[in-house]
There are 2 protein chains.
Amino acid sequence: MIRSPDPSLFVRLFGRYLRENGLPVTPQREAIARTVFGSDDHLSVEEIVDLVRTGGISAGKATVYRTLELLVKSELVAEHDFGEGFKRYEHRLSSEPNHDHLICLNCARVVEFKNPELDSVEKSLAKAHGFYITKHRLEMYGLCLECVKSGTEIDQDGITCPIDTV
Amino acid sequence: MIRSPDPSLFVRLFGRYLRENGLPVTPQREAIARTVFGSDDHLSVEEIVDLVRTGGISAGKATVYRTLELLVKSELVAEHDFGEGFKRYEHRLSSEPNHDHLICLNCARVVEFKNPELDSVEKSLAKAHGFYITKHRLEMYGLCLECVKSGTEIDQDGITCPIDTV
DNA sequence: GTCCATGCAAACCTTTTGCACTATA
DNA sequence: TATAGTGCAAAAGGTTTGCATGGAC
């Protein structure tokens, strides 16, 4: 993965978005933007609150939620739900703006990938079902190499044989 | 889409799962199973509670949640999160056990599709990233034909031009 | 009699909202 | 100075849990 450029560039970009929409640029908003743009992880709100605090600026949880909403609206940040019961956020300014995710069910590691075949899948689906498709979400779940190596297994306790039902 | 077979077959299947795991088969569990297996929709918990009640049997919300957990564990039912803030459930006994979803952002219509290309995508990803992939989730979001025809538009209010930042 | 399910209400967790106060432009 | 942001606490909404009751074996 290519390292992202200087975060401050994107903080300015967000500032421009705010100004364009007649919204004030505040220290809290800048600090939250700096935190999200400065990390290549998929951050939870809790993590963002802590990181902002570590950066020396205090921002309440409500402000973080409200600012994340703006960041998502500006399309500079993507919101994800990996089924953990809460959302995660990542900036969209890396080398691959439209990527998907591999998620390890054991250690929660997230690996990003880009697969060009999906574009053709999307096109053929749009045609076949008369849908105008604007976005997709693809997540592959399983075990990463390390967890496989360490002998982790995924518990499978579904029905033994669905055929034998009579 | 091929019509699902008689739901009672799957209710029995669930009963077998329960017995195999030393769990009692109760009227509530049967009623909930009958409801889920008897519908080809993607049902919310609220809808399931109402449908069960309509069927003449009373089951508390907690019981519905607990039974759905068992149904998902048995792998007879799939749990979905389409980003509505709550989960939906559908039985996995239709003609296509492993399908994905097209979701209309305007009217919330859900269309199922099966795309064989995804299997090869999954295989190549597993190889490329050393992942052992057990399941995936693919959702395509956009507008269905009806909503496009009726002139519905999706509001796009992101930044105007990300390049012009200096 | 033991084990477990049920149902109600309370608890929980993330996210949203109301409101008094403060800062921005 | 007008407008909007902030932070706290409360509310909201879906889901989970504790506990007393009740049924099945």
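Throughout, protein chains are lettered first and strands after them, A, B, ... in sequence-line order, and every chain is numbered starting at 1.
You'll find the side chain of Glu69(B) stays beyond 4.5 Å of the side chain of Tyr65(B), heavy atoms only.
Of the possible donor and acceptor atoms, one in the side chain of Thr152(A) sits under 3.5 Å from a partner among the backbone N and O of Cys147(A). Side-chain N or O atoms of Arg109(A) include none that pairs as donor or acceptor with a backbone N or O of Cys104(A) at under 3.5 Å. Counting only distance, with no hydrogens or angles, the side chain of Asn21(A) and the backbone of Leu23(A) share no donor-acceptor pair below 3.5 Å.
Between Thr26(B) and the phosphate of dA24(D), there is no side-chain N or O to OP1/OP2 separation shorter than 4.0 Å. An OP1 or OP2 oxygen of dA23(C) is reached within less than 4.0 angstrom by no side-chain nitrogen or oxygen of Gln28(A).
The interatomic distance linking Glu30(B) (CD) with dT6(C) (P) rounds to 11 Å, in whole Å. Note: CG (Leu23(A)) to P (dA4(D)) measures 8 Å, nearest angstrom. With rounding to whole Å, Phe14(A) atom CZ is found 12 Å from dG5(D) atom C1'. Distance, Arg19(A) CZ to dA4(D) P: 17 Å, rounded to whole Å. Remark: P of dA4(D) and CG of Asn21(A) are 12 Å apart, rounded to the nearest angstrom. Summarising the geometry, the separation between CZ on Arg29(B) and P on dA24(D) is reported as 13 Å, rounded to the nearest angstrom. Distance Leu18(A) CG to dT24(C) P: 14 Å, rounded to the nearest Å. Following rounding to the nearest Å, Lys87(B) (NZ) and dT14(C) (C1') show an atom-to-atom distance of 12 Å.
Comparing Gly22(B) and Ser58(B) against DNA chain C, the residue whose closest nucleotide sits nearer the 5' end is Gly22(B).
In the hydrophobic cluster analysis, where Ile, Leu, Val, Met, Phe, Trp and Tyr join through side-chain heavy atoms closer than 4.5 angstrom, Ile103(A) is grouped apart from Val111(A).
Note: His80(A) and His101(A) have perpendicular aromatic rings, judged against thresholds of 30 and 60 degrees for the angle between ring planes. Note: Phe37(A) and Phe14(A) have perpendicular aromatic rings, judged against thresholds of 30 and 60 degrees for the angle between ring planes.
Using a 4.0 Å cut-off on heavy atoms, the residues of residues 60-71 of chain B that approach DNA chain D are Ala62(B), Tyr65(B), Arg66(B), listed by number.
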